[in-house]
A.B. asks: 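One structure, pasted below without further comment.
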Amino acid sequence: MPDYIYLMENRLSTDQRSALAHLREAAREAEMILFLTGDAVRDLTSGHAVRELEVAVHGNALKLKKPLEKLGAKLWGEDEASRSLYLCFPGTVRVDVLTTQRVEFPKPGKAVYHQTSILEALRSRDFTVNAMAISLNEGSFGLLMDPLNGAADIEARTLRLVSNYGFLEDPSLLIRAIRYKARLGWELDPRTQTRYENAKMEGVIESISDHARRQELEQIGHEEEGLKVLRALEEEGWMKVLYPAWNSAKADETKLTSLHELAVELLMQGVHPDMSAAQMQLLTSGMSSKDLAGLKKSLLRPGFVEEWDSLDELASGFQKVLLAKQNATPSATHKLFMSYDPEAILWLGFTSKSQAVQERYSQFLKVWPEVRQQIPHALMQEMRITPELPAYNEIVQGIFLELIDGKLQTPEEMRAYLEPHSPPAPPPQPTFKRSRGRRSEAKLKELEEDEENEEELGGDEEMEDEMGGEDEDVDLGSALKRGLAEEEEGAEESPEEEETEEEEQTPKRGGRKPVAAPPAKAAKPAPEEKHAAKPHGKAPAEKPAPAPRHEEKAKPAPKPAAAKTPAKAPAVKHAKPAPVKHAKPAAKKSGPVHITGKGGVPPKPTAKTAAKTAHAKPAPAKAVSGKSKAAPAKHAKPAPHKALTKKKR
């Protein structure tokens with residue numbers, strides 16, 4: 001179901017909402033509850049234009065006559081039998097104020113009214129689409145009551161009788177059914193259609209009440225397309241019952257079309273005229289004076305007849321005001337069009353032959369609307385003048401009036417005009433800074449610890465890169481086995497021959513070519529010279545110190561290429577070290593490896609071998625384990641053939 005509060009706020013005109021506000025105020029003071037009923041609820045639900053309002057009150061509606069007249073309503077008529085009021089509020093808003101009552105028909109066309117609740121009153125209506133009500137009371141405002149499921153019939157665009165005997169009890173429903181079909185374009189329910197044909201054949205229309213006849217006769221003039229409804233009733237033969245002297249031939253169809261076009265143009269500019277009186281004038285333009293006078297007396301609301309008769313007078317008064325000197329400027333003329341009686345504006349624009357009047361109408365309807373395109377909405381947005389401001393509409397209207405007067409032609413003038421209306425810039429959003437003293441200290445400590453850990457990990461990785469990985473450990477192990485086997489085979493050879501052979505086979509004992517180390521790492525073997533191969537044991541022949549120093553002086557730069565290409569780290573093999581088997585990563589300490597000759601007796605080192613061992617610049621030793629930091633291992637006792645020092649950072 002739609003939100004009826006929203007529909008009432010957006011589908012009703014300003015004058016209609018104002019009329020409802022006055023009705024609610026009067027009902028509250030009289031301690032009555034109020035409901036919107038009838039055609040208004042049906043048109044709100046179906047999407048049609050709401051042409052008139054109908055409200056029902058719990059209590060006697062006639063008691064609201066004086067309070068409503070004080071609030072600006074004009075009494076157009078009243079009915080004592082049904083206790084109903086027919087009012088007109090400013091803006092030509094027609095309102096019927098009814099009493100909630102149940103209707104009985106002891107005889108066809110003879111109604112008897114019994115005051116009852118709103119739900120019982122809805123169950124005694126004419127059609128289900130009209131048997132709906134919206135609460136206008138505090139606490140339940142906008143609540144829909146639909147006891148007969150009229151909303152479903154509205155969706156199906158179907159007219160269905162509330163009572164199976166509706167056409168027989170109230171013959172005026174035959175006329176109303178045709179009028180609704182012509183206005184809405186809906187069809188009768190199949191059963192309702194059958195009952196309609198049966199009632200028409202039986203001639204129950206002769207029993208129509210005088211009140212119902214007068215009401216249906218006037219309603220033709222209130223229709224949006226009165227000529228269409230008049231022709232539909234004429235085809236069914238109902239105009240002979242309502243008023244035989246009136247038919248579609250008496251209407252001026254050409255002028256009616258022009259009147260509708262002018263009404264639509266005024267509506268687009270914000271002027272909402274009620275065409276009822278002007279339309280009745282054209283629908284009856286071909287009738288004689290006598291017939292016309294009789295028709296006016298047959299209408300239900302005397303106030304409507306007065307408005308019909310005063311059309312020429314209203315138009316004449318508006319013409320005088322329109323051509324007055326105080327309204328010569330375009331802005332003054334536009335304000336007059338927007339504030340004067342809409343019915344007078346409609347009738348003067350339709351009937352006047354004055355060139356000055358027609359020129360004013362042309363400017364209002366065609367020229368000035370184009371000026372609205374010049375309103376600088378972008379500049380207004382830049383100056384923070386947005387639709388959210390309470391006075392936004394007044395500002396836009398003021399700019400429009402200045403533009404049609406020929407002012408505000410430059411951007412500077414426009415900015416100067418808008419400057420007083422520009423709201424101040426919003427203050428900058430405050431920035432809240434949380435106290436992070438302790439948290440920052442803890443964060444700094446964590447960062448420092450992370451950096452230290454990264455440095456340690458980086459150092460270990462560098463060490464592994466320099467000393468080789470686990471794969472090289474495996475290669476060294478296999479190389480050690482090969483070296484021991486070769487040593488056993490060539491144990492009887494002379495030291496000089498063994499030394500020569502070892503120099504030639506040095507690249508082969510490493511298993512595979514050593515991986516090139518970074519240049520920056522090659523300059524770090526200096527501290528390791530202090531840990532030159534120190535022979536294990538106590539043999540006095542193991543101290544050939546003078547000879548190495550002498551050869552060191554003789555060869556100050558034995559391997560300059562090792563500094564340039566530190567990748568060839570096996571320079572340590574010039575010292576003829578025997579390959580040593582590395583300890584597994586789990587071991588923290590590894591003892592020195594002693595290599596013996598035949599019979600388990602270590603061979604005696606020669607002076608030449610000892611000298612080369614002393615002055616050689618060993619490359620960084622390969623790691624024994626991934627990240628263990630054991631003390632440097634002592635070198636094995638130098639052998640005539642090989643000496644290997646196992647170093648560990």
Side-chain angles (χ1 to χ4, degrees), residues 35 37-39 41-42 54 56 61 77-84 86 96-133 145-150 152-154 158-184 186-220 229 232-233 236-243 298 300:
F35 303 91
T37 59
D39 292 1
V41 181
R42 182 199 64 226
E54 181 184 298
E78 60 182 310
D79 182 38
E80 292 289 343
S82 61
R83 288 172 286 189
S84 303
Y86 308 109
D96 295 347
V97 184
L98 311 178
T99 301
T100 55
Q101 51 198 357
R102 176 172 52 87
V103 185
E104 292 182 354
F105 293 91
K107 295 181 180 181
K110 304 296 182 181
V112 178
Y113 301 97
H114 304 279
Q115 189 171 345
T116 183
S117 65
I118 181 63
L119 292 177
E120 289 297 324
L122 294 176
R123 290 189 177 97
S124 64
R125 303 282 295 202
D126 48 7
F127 299 99
T128 56
V129 295
N130 293 335
M132 302 167 63
M145 286 165 284
D146 184 12
L148 301 176
N149 199 17
D153 290 332
I154 290 175
T158 302
L159 296 171
R160 189 188 337 168
L161 282 173
V162 171
S163 172
N164 294 334
Y165 306 98
F167 291 135
L168 300 177
E169 295 175 344
D170 187 4
S172 65
L173 297 186
L174 295 170
I175 300 174
R176 195 174 303 173
I178 299 303
R179 181 163 57 85
Y180 284 157
K181 285 182 64 177
R183 180 207 289 185
L184 304 173
W186 299 355
E187 296 296 331
L188 296 177
D189 176 71
R191 293 183 179 181
T192 303
Q193 181 67 35
T194 302
R195 295 187 178 101
Y196 173 84
E197 293 173 356
N198 294 337
K200 182 180 179 180
M201 291 177 61
E202 293 179 5
V204 295
I205 193 64
E206 300 296 335
S207 302
I208 187 173
S209 65
D210 184 62
H211 179 272
R213 184 180 61 83
R214 295 171 61 193
Q215 183 178 11
E216 292 299 328
L217 191 61
E218 180 184 330
Q219 198 64 37
I220 297 173
V229 174
L233 295 175
E236 291 293 323
W238 303 137
M239 288 307 300
K240 295 178 181 180
V241 178
L242 294 176
Y243 198 78
S298 302
L300 179 64

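Values in this document were obtained by computation on a predicted structure and should not be read as measured data.
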A.B. asks: Taking the side chain as everything from C-beta on, heavy atoms only, tell me whether Pro106 gets closer than 4.5 Å to Val112.
C.D. replies: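 They are in side-chain contact.
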A.B. asks: How many angstroms lie between OG in Ser124 and CD in Glu169, if you round to the nearest 0.5 Å?
C.D. replies: 10.5 Å
A.B. asks: Over all heavy atoms of both residues, which pair between Leu300 and Glu218 is shortest? Give the atoms and the distance, please.
C.D. replies: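 Leu300 and Glu218 have their closest heavy atoms at N-OE1, 3.0 Å.
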A.B. asks: Considering all heavy atoms of both residues, which atom of Glu78 and which atom of Tyr86 are nearest to each other, and what is their separation?
C.D. replies: N-CD1, 3.7 Å
A.B. asks: Looking at Phe127, I'd like to know if the NZ or CZ of Arg176 sits under 6.0 Å from its six-membered ring centre while staying within 45 degrees of the ring's axis.
C.D. replies: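 The answer is no; the distance or angle limit is not met.
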A.B. asks: Do the side chains of Val103 and Asp170 get nearer than 4.5 Å, heavy atoms only?
C.D. replies: no
A.B. asks: From Arg102 CZ over to Leu122 CG, what is the distance, rounded to the nearest 0.5 angstrom?
C.D. replies: 14.0 Å
A.B. asks: Looking only at side-chain N and O atoms, does Glu236 offer a donor or acceptor that is under 3.5 Å from a partner on Tyr196?
C.D. replies: yes
A.B. asks: What's the separation between atom CG in Leu173 and atom CD in Glu216, rounded to the nearest 0.5 Å?
C.D. replies: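 If I round to the nearest 0.5 Å, the distance is 8.5 Å.
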A.B. asks: Mind listing the closest non-hydrogen atom pair of Ala61 and Thr99 along with its distance?
C.D. replies: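 Taking Ala61 first and Thr99 second, the nearest heavy atoms are N-OG1, 3.1 Å.
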A.B. asks: Minimum heavy-atom separation for Ala182 to Ala232, with atom names?
C.D. replies: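 Heavy-atom minimum between the residues: CB-CB, 4.0 Å.
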A.B. asks: Check Ser298 against Leu217 and note the closest heavy-atom contact, atom names and distance.
C.D. replies: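 Where Ser298 meets Leu217 most closely, the heavy atoms are CB-CD2, 3.7 Å.
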A.B. asks: Just one of Val129, Asp189, Thr192 clears the side-chain contact (heavy atoms from CB on, under 4.5 Å) bar with Leu159, so which one?
C.D. replies: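 By the side-chain contact (heavy atoms from CB on, under 4.5 Å) criterion, Leu159 pairs with just one of Val129, Asp189, Thr192: Val129.
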A.B. asks: Would you sort out whether Leu242 and Arg213 count as a side-chain contact (heavy atoms from CB on, under 4.5 Å), showing the intermediate values?
C.D. replies: CA-CA 6 Å; Leu242 294 176; Arg213 184 180 61 83; 3.8 Å; yes
A.B. asks: Identify the heavy atoms of Ala177 and Leu188 that sit nearest to each other, and give their distance.
C.D. replies: CB-CD2, 4.1 Å
A.B. asks: Report yes if the side chains of Asn198 and Leu168 come closer than 4.5 Å at any heavy-atom pair, otherwise no.
C.D. replies: no
A.B. asks: Any heavy-atom pair between the side chains of Trp238 and Ile208 that's under 4.5 Å?
C.D. replies: no
A.B. asks: Would you mind reporting whether Arg160 and Leu148 have side-chain heavy atoms less than 4.5 Å apart?
C.D. replies: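 No, their side chains stay 4.5 Å or more apart.
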A.B. asks: Are Glu197 and Lys200 close enough for a salt bridge, meaning some N to O gap below 4.0 Å?
C.D. replies: no
A.B. asks: From Glu54 CD over to Asp96 CG, what is the distance, rounded to the nearest 0.5 angstrom?
C.D. replies: 6.0 Å
A.B. asks: Within the 4.5 Å heavy-atom criterion, are Phe35 and Leu98 side-chain neighbours or not?
C.D. replies: no
A.B. asks: Kindly say whether Thr116 contributes a backbone atom to a donor-acceptor pair with the side chain of Thr100 at under 3.5 angstrom?
C.D. replies: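 Side chain of Thr100 to backbone of Thr116: a pair is present.
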A.B. asks: Heavy-atom distance under 4.5 Å between the side chains of Val162 and Asp126, does that happen here?
C.D. replies: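 A side-chain contact under 4.5 Å is absent here.
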A.B. asks: Mind checking the CE-CG spacing from Met239 to Leu233? Nearest 0.5 Å is all I need.
C.D. replies: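 Here the rounded value is 6.5 Å.
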A.B. asks: Side chain of Gln101, backbone of Ser82: donor and acceptor closer than 3.5 Å?
C.D. replies: yes
A.B. asks: Enter the distance from Asp79:CG to Arg214:CZ here, rounded to the nearest 0.5 Å.
C.D. replies: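 Going from the CG atom of Asp79 to the CZ atom of Arg214 covers 8.5 Å.
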A.B. asks: Does the side-chain contact (heavy atoms from CB on, under 4.5 Å) test come out yes or no for Thr37 and Ile118, once each step is laid out?
C.D. replies: CA-CA 10 Å; Thr37 59; Ile118 181 63; 4.3 Å; yes
